[in-house]
Amino acid sequence: MRVEVRHGEFNPWEELQRHQQASLLPNGRHGAIASFVGTMRDFNEGDSVQAMVLEHYPGMTEKYLGEISAEAKKRWDILDTLILHRVGELQPGDPIVLVAVWSAHRAAAFEACRYLIEELKSRAPFWKKESLQEHSRWVQHNTPAASNRGGR
Amino acid sequence: MRVEVRHGEFNPWEELQRHQQASLLPNGRHGAIASFVGTMRDFNEGDSVQAMVLEHYPGMTEKYLGEISAEAKKRWDILDTLILHRVGELQPGDPIVLVAVWSAHRAAAFEACRYLIEELKSRAPFWKKESLQEHSRWVQHNTPAASNRGGR
Amino acid sequence: MILKLTVPIHVKYFAGIRDRMGRADDDIDADGLKTVADVWARVAGDEPLPRTVRVAVNLEYADLKHQVKDGDEIAFLPPVTGGCDAG
Amino acid sequence: MILKLTVPIHVKYFAGIRDRMGRADDDIDADGLKTVADVWARVAGDEPLPRTVRVAVNLEYADLKHQVKDGDEIAFLPPVTGGCDAG
């Protein structure tokens with residue numbers, strides 16, 4: 001179970017590989033790894049976004065992410081979790097967040113991974129400030145998780 | 001949208017990175033990547049499994065995986081999909097399957113990714129033959145996807 | 001004299017079915033065969049088709065009543081077990 | 001003569017709230033302060049606390065009626081916007 005707030009770029013796939021290599025899980029134990037990577041888009045609410053600064057509440061962030069990881073481990077039959085979140089200045093296309101769950105069961109891996117990203121988005125103390133063409137603004141609210149099934 | 005049946009080992013994280021680099025998606029378009037990696041366990045139905053041979057139906061496999069990818073793209077608002085499945089001889093701990101979905105929306109990414117792995121497991125023409133201590137056997141059925149919520 | 005030209009039906013067996021048949025495939029004359037069930041009866045004799053076995057005609061799942069014709073590829077597929085082990 | 005020793009309450013402001021306060025934090029005397037709401041009144045004067053702002057006491061979410069004491073860290077947090085943009 002690892003939680004990290006990172007200043008500066010990260011490559012989510014290298015992080016996953018590194019975490020798995022460093023992990024003490026025996027190789028044949030887990031059968032399923034569900035992961036989620038959130039990246040910065042170049043548009044939000046109709047505006048073109050040039051860059052972004054991500055601020056957080058040091059101390060509270062790590063504590064909160066540790067708590068939701070422990071809660072996930074209580075609720076689902078999972079073996080390990082990883083949450084990595086970027087702070088500081090970002091460019092469009094940059095990975096912002098990585099959440100991964102190792103489990104012997106794919107349903108548990110998917111559900112716990114989804115749980116972690118939803119809890120992170122709704123309560124972890126991070127704030128984005130977007131730089132638009134002319135000015136910058138604090139992002140006012142997170143997007144809801146509503147399914148897009150049947151969308152398009 | 002890519003589908004591949006691979007003879008021989010693969011590293012899922014390198015594959016994800018390579019797919020994304022080769023992709024024509026503009027960098028800031030997608031915001032969410034949900035992925036799933038299934039690995040070979042060293043136990044199944046109480047027995048210790050030494051090695052495994054994965055057989056498939058060449059032609060039908062690729063056709064079926066292409067069909068479920070197209071169906072996912074019809075049902076959810078997603079930008080790209082990747083399905084990579086191993087065949088041939090495997091050792092415990094080896095990645096067997098990688099499924100990934102790129103989307104502007106995390107709910108769509110998660111749901112489409114889950115859909116693809118469930119459809120793959122229930123209908124894609126792959127067969128595993130396990131080598132146990134004393135003999136080998138065809139795996140008789142796939143495991144159901146039942147949630148482990150509240151398990152442990 | 002009537003010269004009849006036919007393209008055989010190609011029949012494929014996978015995994016446990018292949019082990020049981022003792023071969024991976026057969027080419028059979030479509031003559032007198034109407035459905036997939038007829039094909040099974042031709043290749044397997046009296047042996048009943050296990051209920052869990054699925055059938056594909058030309059790379060698509062089909063049922064036993066599916067009509068067959070010259071040149072078709074018919075496959076008998078035991079329950080699939082792809083993906084990860086993680087149930 | 002009575003010598004009273006107090007450890008201040010540390011108050012932190014984040015994102016838009018920090019911009020509005022014009023500062024990142026305050027150290028204030030706990031004297032006369034019972035709840036988080038009292039702390040806000042002390043630091044912000046008449047300005048009402050926006051309804052969307054959440055409060056944390058010692059790194060845990062709390063409500064405005066939460067009791068405060070010497071040495072507490074009180075933070076005022078605008079709606080959080082972490083994670084990916086992908087709604």
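Quick note: numbers below take in every heavy atom, side chains included, and nothing from hydrogens, waters or symmetry partners. Note on naming: letters A, B, ... go to the chains in the order of the sequence lines (proteins, then strands), and numbering restarts at 1 for each one.
Heavy atoms of A:Trp127 lying under 4.5 Å from chain D belong to its backbone as well as its side chain. For a residue to count as touching a neighbouring chain, one of its non-hydrogen atoms must lie under 4.5 Å from one of that chain's; by this rule A:Thr61 does not touch chain D. Looking at A:Arg123, the atoms closer than 4.5 Å to chain D (heavy atoms on both sides) sit in the backbone and in the side chain alike.
Interface remark: of the candidates D:Pro78, D:Pro79, D:Gly16, D:Pro78 forms the most heavy-atom pairs closer than 4.5 Å to chain A.
Here A:Lys74 pairs with A:Glu71 in a salt bridge; the nearest charged N to carboxylate O distance falls below 4.0 Å. In this structure, D:Arg42 does not pair ionically with D:Asp31, as no charged nitrogen and carboxylate oxygen lie closer than 4.0 Å.
Residues A:Glu62 and A:Glu67 are not in side-chain contact: their nearest non-hydrogen atoms beyond the backbone lie 4.5 Å or more apart.
Cation-pi check for A:Arg114 over A:Phe36 is not met; the charged atom does not lie both under 6.0 angstrom from the ring centroid and within 45 degrees of its normal.
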